[in-house]
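Down below is the structure, laid out as structure tokens.
In what follows, every heavy atom counts, from backbone to side chain, and hydrogens, waters and symmetry copies are set aside. Both ligands and their constituent atoms are indexed starting at 1 by order of listing.
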Amino acid sequence: MKLAIASNDALQDLAERVRADLKMMDYATKPWVEPRFDASGNPMLDVVIIGAGQSGLAVGHALQRRGVSNILLLDGSPEGKEGVWGTFARNYEIRSPKDITGTELGLPSLSIQSFYEAKYSRQAWDEIKRIPRLEWLHYLQWYRSVVELPIRNDAQVVDIDYDSDGVTVSLAGGDAIRARLVVLATGMDGGGAWRVPDSITKSLPRERYNHSSDIFDETKLKDKTVGILGSGAAAFDVAVAALTAGAARVDMCLRGPRLPMIDIVREGETAGHLNHSHDIPDRMKWDLAGFRAGLRQSPADHHFFKACSYPNFFIHVNAGWDEIELDGDDIAVKTSEKSFRFDHVFAATGVTVDMSLRPELRKIAAKTALWKDRFTPPDHEGPGRLNFPYLNANYQFIEREPGLAPGIERIFAYNALSSMSMGIAGAVSISAMKYGVPRVVSALTGFLFKEQEDKLIDFFASFKTPSITFPPHVRLMLGMPAEGEPEAVKP
Ligand SMILES: Cc1cc2nc3c(=O)[nH]c(=O)nc-3n(C[C@H](O)[C@H](O)[C@H](O)COP(=O)(O)OP(=O)(O)OC[C@H]3O[C@@H](n4cnc5c(N)ncnc54)[C@H](O)[C@@H]3O)c2cc1C
């Protein structure tokens with residue numbers, strides 16, 4: 001279906017409506033944070049948010065709406081290329097349901113539905129089942145322009161250091177920024193790296209394989225035989241990309257006996273799971289994480305059906321890649337039952353959480369509490385999960401031992417690092433935002449407020465202007481000096 005785009009004016013009108021709605025909701029949004037200065041007397045930022053994808057934007061906007069505007073968002077990508085949506089995500093539609101909310105922070109005019117209706121029409125919104133990925137990208141770009149956040153693009157953070165007074169964020173190129181608090185909104189790979197099994201990296205030259213999250217030129221797959229290891233949503237995205245580009249044959253191999261066909265993320269989208277998953281015993285968090293790891297998210301149905309519509313697409317179960325080698329010009333793969341020869345292979349094998357893989361996290365990793373420091377697993381399973389940071393209920397890092405890392409609590413992980421401690425509300429997804437963003441933002445404003453509690457009386461005492469201007473005869477009656485004259489000093 002070709003959609004008629006309403007004029008650009010419609011989106012401008014919507015932006016005006018958002019501004020009017022924000023004005024209507026203006027109560028208690030005025031600035032309240034006392035300025036702070038670093039050791040050299042330079043003003044400090046109150047909050048630096050690393051990452052200007054959807055999470056960074058929503059956290060930044062939520063702070064603005066709570067009167068915290070001395071903030072800065074940093075993103076290593078150029079403007080318009082933040083996050084996954086306009087870079088390597090290949091799903092035609094996003095997997096989340098179209099009525100998903102969170103980014104708009106409760107303001108209907110700022111929602112994806114209002115955006116889509118303004119851009120196309122109400123009827124067009126009613127007719128789509130899910131939100132096209134590029135519409136979600138366009139929505140985020142529009143959102144960014146409407147809420148007017150201070151963002152610095154092309155600003156890759158390479159180091160984060162902390163002390164009891166603040167956090168120093170260093171950028172590639174040499175700049176250093178001092179902030180009181182820092183939020184990591186760095187996405188799915190923000191706590192490690194996309195994972196390609198060693199068996200692939202050690203056996204093949206780099207140009208013969210990709211991770212499903214790589215940006216690659218799909219046209220190079222024309223007439224090629226393509227092998228995909230993995231069967232989750234990203235595996236189907238790659239399969240469709242290869243088939244559409246004219247691959248001769250695509251074989252998807254999964255280790256397990258069946259395809260993941262339950263969209264487990266959707267089932268957890270309840271106020272209970274999203275708002276309270278951080279608040280259950282560690283043993284239950286551990287068991288749940290293990291259970292959910294075994295239930296990979298099912299593919300988006302449009303990509304599943306599209307892949308299956310090609311006669312040259314094959315799925316193989318119980319087909320983990322036991323042996324991989326370059327044999328002449330072919331990639332030879334053996335599973336327990338079959339042998340394959342491929343021109344190119346993809347690892348759709350997810351992400352590894354390992355803070356040592358990210359230079360900017362090394363100083364945090366050295367001293368933060370990890371799950372292995374606080375929890376003994378029942379049967380030594382899931383060693384990878386033990387390397388997740390053990391965060392408190394506010395997405396906040398905590399010291400491994402008391403006194404070891406003063407200032408580490410000034411850093412908040414609103415990224416993949418939070419998924420063990422925060423459960424489903426920690427998964428980096430749109431789903432988590434409705435409850436996750438207010439939670440982390442309350443923790444940030446609470447921190448800032450607490451740091452000025454010794455000045456609360458000074459704050460109230462600083463207001464000298466009476467709320468009522470008395471006319472002269474009333475001043476006389478009340479024994480007050482004429483306006484402009486000093487109060488008599490009492491003996
Ligand atoms: C293929 C694919 C499809 C997906 N589909 C869905 C879906 O349908 N629904 C859903 O809810 N989720 C989906 N996800 C999950 C998805 O990643 C998130 O929903 C979304 O991208 C998370 O937004 P974010 O802002 O937290 O992180 P991201 O969008 O990843 O943004 C993180 C930003 O941080 C920046 N950054 C990282 N490190 C640094 C650094 N050191 N210095 C400066 N900047 C840095 C990056 O440049 C990036 O712009 C999908 C993920 C993938 C990979």
Below 6.0 angstrom between ring centroids: does that apply to [X] and [Y]?
| X | Y | answer |
| --- | --- | --- |
| Phe304 | Phe236 | yes |
| Phe216 | Phe346 | yes |
| Tyr414 | Phe412 | no |

Could [X] and [Y] be called an ion pair, given the rule that one side-chain N must be under 4.0 Å from one carboxylate O?
| X | Y | value |
| --- | --- | --- |
| Asp175 | Arg152 | yes |
| Arg400 | Asp373 | yes |
| Asp126 | Lys98 | no |
| Asp237 | Arg95 | yes |

Residues in ring pair (Phe, Tyr, Trp, His ring centres under 6.0 Å) contact with His278, at least two apart in sequence or another chain: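 Expected list: none.
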Hey, does [X] sit under 4.0 Å from ligand 1 if you only count heavy atoms?
| X | answer |
| --- | --- |
| Ala155 | yes |
| Tyr414 | no |
| Ala185 | yes |

Sub-4.0 Å atoms of ligand 1 with respect to non-hydrogen atoms of [X]:
| X | answer |
| --- | --- |
| Arg95 | 2 (C), 3 (C), 4 (C), 5 (N), 7 (C), 8 (O) |
| Val428 | 15 (C), 18 (C), 19 (O), 22 (C), 26 (O) |
| Gly53 | 25 (O), 31 (O) |
| Ile50 | 40 (C), 42 (N), 43 (C) |
| Val84 | 17 (O), 21 (O), 29 (O) |

Quick one: does ligand 1 sit under 4.0 Å from the side chain of [X], the backbone, both or neither, non-hydrogen atoms only?
| X | answer |
| --- | --- |
| Trp85 | side chain |
| Ser212 | neither |
| Ile100 | neither |
| Glu82 | both |

When you measure from the centre of the six-membered ring of Tyr209, is the NZ or CZ of Arg206 closer than 6.0 Å and no more than 45° off the axis?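 Pair Arg206/Tyr209 counts as cation-pi.
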Please state which protein non-hydrogen atom is closest to atom 35 (C) of ligand 1 and give its distance, to 0.1 Å?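 For atom 35 (C) of ligand 1, the nearest protein heavy atom comes out as Asp75 OD2, 3.4 Å.
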Pick from Ala416, Gly76, Ser96, Ser213: the one approaching atom 44 (N) of ligand 1 most closely through a non-hydrogen atom: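 That would be Gly76.
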For atom 38 (N) of ligand 1, which candidate among Arg130, Arg358, Gln156 provides the closest heavy atom?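 Minimum heavy-atom distance to atom 38 (N) of ligand 1 goes to Arg358.
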Would you check if there is a donor-acceptor pair between the side chains of Glu82 and Asn153 at a distance under 3.5 Å?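 Note: Asn153 and Glu82 side chains meet the donor-acceptor criterion.
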